[in-house]
There are 2 protein chains.
Amino acid sequence: MPNALVRKLEGYAPLEVSDRERLLNVCEKTAVVEADRYITRAGDSPKDVVVILEGLAVRSKLLRDGRRQILAFLVAGDFCDLHVAVLDRMDHDILAIMPCTVARISRNAVQEMTETRPRLAKALWWCTLVDEATLREWLVNLGQRDAEQRIAHLFCELQTRLQAVELTTDGSFGLPITQDELGDAMGLSAVHVNRSLKALRDAGLVSFRGRTIHIPDIERLQNFADFDPSYLHLRHGPEAESPVPLLRQA
Amino acid sequence: MPNALVRKLEGYAPLEVSDRERLLNVCEKTAVVEADRYITRAGDSPKDVVVILEGLAVRSKLLRDGRRQILAFLVAGDFCDLHVAVLDRMDHDILAIMPCTVARISRNAVQEMTETRPRLAKALWWCTLVDEATLREWLVNLGQRDAEQRIAHLFCELQTRLQAVELTTDGSFGLPITQDELGDAMGLSAVHVNRSLKALRDAGLVSFRGRTIHIPDIERLQNFADFDPSYLHLRHGPEAESPVPLLRQA
DNA sequence: CGAGGAATTGAGAAACTTCAACCGTGGTGG
DNA sequence: CCACCACGGTTGAAGTTTCTCAATTCCTCG
């Protein structure tokens, strides 16, 4: 199975064969983190850069009173902390939601790659900037959209990102999270998440089989959620780069 | 008047004299952007990197239905788009809220600075990462806090950031924005912003004189808002007892 | 089969929005 | 110099969204 990181980076720009080999080489030594284990904690000063090769993790921040906000879902191919090389310490946690296969890349290796391989350097920059753009889009999501649109938007994002690393089949992908976790990501209570999911289901916008999500008509869901994939800056438009029609219905 | 960018970067790590001179040099050619004018538009591929030297601007994203989310307030010393060098085009707008003095630094100059001046390079990285950390904190803010805490948290952040560039006097700083704009930043309606401000005022947590904000007891407000300045990664704790050479006026 | 976690549902309360009216102020033109 | 206008702030009232609490069902796993 080809490496998710390679697939992701090639979704941004073509790599040279030697770049690809270097990446595979650097991802060779892997480890597995069990579900519900922290990959990194706030306050850590991680020595290595961690990449998720398989599984699902979240970036999250805990408040003093115990509430938490999930800031991002990390899927295969995603870096946990590419940046923190520069800052002193992590200001948030990385938590495995399901068992994750991760590779730890030493900072030296990262530095060597970025200094000697301009394409790779650019691709890594891309990752950082897409992470930031995604954060902005989440802010729009929490600030401006109601619960149903919010969740729909997340599903659109995940569908697009997982498709980029070839982890979707048809309009389906696995998302083994609880409604509680979904609530922590969307700034909603679990109960309200539940009701909103029901509404989305009843509207025929999404369906669930076990813990996999099926989107019967992606364009319709994107339209409902006002989802515009351009913030993910993928090279191949996910598919429909047609100008999307306006607004949503009830 | 010493350059806000220099002050800000020195809030992260000490610079060498020649670094400071280079920065001042590169900020020499300034321009003024009037209030309510865009500095950059979504879709642009700006050639230069823009720094705000004076004034107030916002990073914002417009939805198709006309609503908008303000993603960040940009104050003196802040970069508008340090990053976008790498990506193809802006995915959001930068809008001057009050008249802004800006410097446009060519990408070449940025590149030259980062390649030949490690301290400067690190300081610029720092800016990018703090921007990202701030975005994360905003996400927590919108996702987890109610209106009053949310606004209080923003005031704490601005107080801290403005203090870092010596733009506060006592617990006061100017913030010439409308309640409507504040609502767009906080994901709230202008009416609710108004009521929340009233509540904060009645609680004695903040007061307003014209368009300047006064925080009588910063620690109390921080406590109310659950504000922890560490995400801003300032070198000296925001509390001002550090040995900073004080050189400034109004 | 039983236990525990997760999903679902109902009901009442709280937070927030919308609409609409009104106030205050600063700027402009007569 | 004043009348008026426009815009932003303020307030009330009613409606909607979301939350909390609590009970119940469903599912998975041991």
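To find a chain, count down the sequence lines: A is the first, B the second, and so on, and within it residues start at 1. Values below: every heavy atom of this structure, side chains too, minus hydrogens, waters and symmetry copies.
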Worksheet entry | side-chain N/O B/Asn194 vs D/dT10 OP1/OP2, d < 4.0 Å |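 Result: yes.
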
Worksheet item: Any side-chain N or O of A/Arg201 under 4.0 Å from OP1/OP2 of C/dT8?
Response: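 A/Arg201 to C/dT8 OP1/OP2: side-chain N or O found under 4.0 Å.
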
Discussion item. Let me confirm one number: the CZ-OG1 distance from B/Arg104 to B/Thr30, rounded to the nearest 0.5 Å.
Written reply: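 Reported to 0.5 Å precision, the distance equals 11.0 Å.
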
Worksheet, complete the sentence: Taken to the nearest 0.5 Å, the spacing of A/Leu62 CG from A/Arg67 CZ works out to 10.5 Å

Worksheet item: Mapping A/Gln179 and B/Arg150 to their closest nucleotides on DNA chain C, which lands nearer the 5' end?
Response: A/Gln179

Mind checking [X] for me? I need base, sugar-phosphate or nothing, with any heavy atom below 4.0 Å counting as a touch.
{"X": "A/Leu197", "value": "nothing"}
{"X": "B/Ser189", "value": "base"}
{"X": "B/Gly187", "value": "sugar-phosphate"}

Worksheet item: Checking salt bridge (Lys or Arg N to Asp or Glu O under 4.0 Å) against B/Arg68, which of B/Asp184, B/Asp93, B/Asp180 comes through?
Response: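 The salt bridge (Lys or Arg N to Asp or Glu O under 4.0 Å) with B/Arg68 is passed solely by B/Asp184 among B/Asp184, B/Asp93, B/Asp180.
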
In whole angstrom, what separates [X]'s [atom1] from [N]'s [atom2]?
{"X": "A/Met186", "N": "D/dC19", "atom1": "CE", "atom2": "C1'", "result": "17 Å"}
{"X": "B/Asp65", "N": "C/dT18", "atom1": "CG", "atom2": "P", "result": "11 Å"}
{"X": "B/Phe208", "N": "D/dT10", "atom1": "CZ", "atom2": "C1'", "result": "13 Å"}
{"X": "B/Glu181", "N": "D/dG8", "atom1": "CD", "atom2": "P", "result": "8 Å"}
{"X": "A/Asp146", "N": "D/dC19", "atom1": "CG", "atom2": "P", "result": "12 Å"}
{"X": "B/Asp180", "N": "C/dC19", "atom1": "CG", "atom2": "P", "result": "14 Å"}
{"X": "A/Arg145", "N": "D/dT17", "atom1": "CZ", "atom2": "P", "result": "17 Å"}
{"X": "A/Lys198", "N": "D/dT25", "atom1": "NZ", "atom2": "C1'", "result": "14 Å"}

Fill in: Any side-chain donor near an acceptor of the partner, B/Ser230 and B/Asp228, under 3.5 Å
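Distance-only check passes for B/Ser230 and B/Asp228.
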
Which nucleotide in the list [options] gets nearest to the side chain of [X]?
{"X": "A/His192", "options": "D/dT18, D/dT11, C/dA7", "result": "D/dT18"}
{"X": "A/Val191", "options": "D/dT20, C/dT17, D/dT18", "result": "D/dT20"}
{"X": "B/Leu188", "options": "C/dT17, D/dT18, C/dT9", "result": "C/dT17"}

Worksheet entry | Note: B/Asp78-B/Arg161 ion pair, threshold 4.0 Å (strictly below) |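 Salt bridge present between B/Asp78 and B/Arg161.
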
Worksheet item: Looking at D/dG8, does its base get a donor-acceptor pair with the side chain of B/Arg211 below 3.5 Å?
Response: no

Worksheet entry | Residue whose nearest DNA chain D nucleotide is more 5′ - B/Arg195 or B/Ala190 |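 So the residue in question is B/Ala190.
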
